[in-house]
Amino acid sequence: MILEQFPEVRSLSSSEKLLFVSELWNDLEEHPSEVPVSREILAELDRRMDHFKQHPEEFTTWEAVKQRILGSAA
């Protein structure tokens, strides 16, 4: 377990742990090509894209969703 390698993390408060996780996440976002993606996730993404291509009428664009939520204020 990773915490065994970094025992000082256990001594952080809950707030500090959340900040730590947030900083780790932000670091991962800066280097997306370095984040491993499993075959299962890639297969699921392919399956979803195929479904989208075969049934585009089942989906709503972000613009339409935003308009529905925000109405004329957008």
Side-chain angles (χ1 to χ4, degrees):
M1 191 164 157
I2 194 77
L3 287 175
E4 292 169 357
Q5 295 176 27
F6 303 97
E8 60 275 10
V9 172
R10 290 187 190 275
S11 65
L12 297 174
S13 69
S14 294
S15 295
E16 291 169 325
K17 287 177 183 176
L18 285 171
L19 286 171
F20 184 59
V21 168
S22 176
E23 287 183 22
L24 287 174
W25 187 260
N26 291 339
D27 185 65
L28 287 171
E29 284 184 321
E30 289 179 19
H31 308 96
S33 63
E34 296 175 11
V35 178
V37 180
S38 72
R39 289 183 198 157
E40 293 82 9
I41 290 175
L42 292 173
E44 177 63 16
L45 291 172
D46 287 341
R47 184 193 69 74
R48 291 180 184 196
M49 183 57 77
D50 289 343
H51 183 82
F52 168 72
K53 288 177 180 176
Q54 293 172 15
H55 307 282
E57 72 284 354
E58 293 180 7
F59 298 87
T60 305
T61 65
W62 168 241
E63 290 77 18
V65 170
K66 193 161 87 171
Q67 179 65 32
R68 189 172 64 229
I69 292 170
L70 300 175
S72 60

Say you draw a straight line from [atom1] of [X] to [atom2] of [Y]; how long is it, rounded to the nearest 0.5 Å?
| X | Y | atom1 | atom2 | value |
| --- | --- | --- | --- | --- |
| Phe20 | Lys17 | CZ | NZ | 11.0 Å |
| Glu30 | Trp25 | CD | CH2 | 13.0 Å |
| Ile41 | Asp46 | CD1 | CG | 12.0 Å |

Query raised in the report: Is there a path of hydrophobic side-chain contacts, each under 4.5 Å between heavy atoms of I, L, V, M, F, W or Y residues, that connects Trp62 with Phe59?
Result: no

Query raised in the report: Is there a path of hydrophobic side-chain contacts, each under 4.5 Å between heavy atoms of I, L, V, M, F, W or Y residues, that connects Met1 with Leu12?
Result: yes

Requested in this report: Report yes if some heavy atom in the side chain of Asn26 is under 4.5 Å from a heavy atom in the side chain of Glu29; otherwise report no.
Outcome: yes

Query - Leu24 and Asp27: CA distance, side-chain angles, deciding distance, side-chain contact (heavy atoms from CB on, under 4.5 Å) verdict - result: CA-CA 5 Å; Leu24 287 174; Asp27 185 65; 5.6 Å; no

Report summary line: Sorted by chain and residue number, the salt bridge (Lys or Arg N to Asp or Glu O under 4.0 Å) partners of Glu44 (sequence neighbours excluded) come out as Arg47, Arg48

Query raised in the report: Taking only residues two or more places apart in sequence or in another chain, which ones pass salt bridge (Lys or Arg N to Asp or Glu O under 4.0 Å) with Arg68?
Result: none

Query - Least distance between heavy atoms, Leu3 atom then Arg10 atom - result: CB-NH2, 3.7 Å

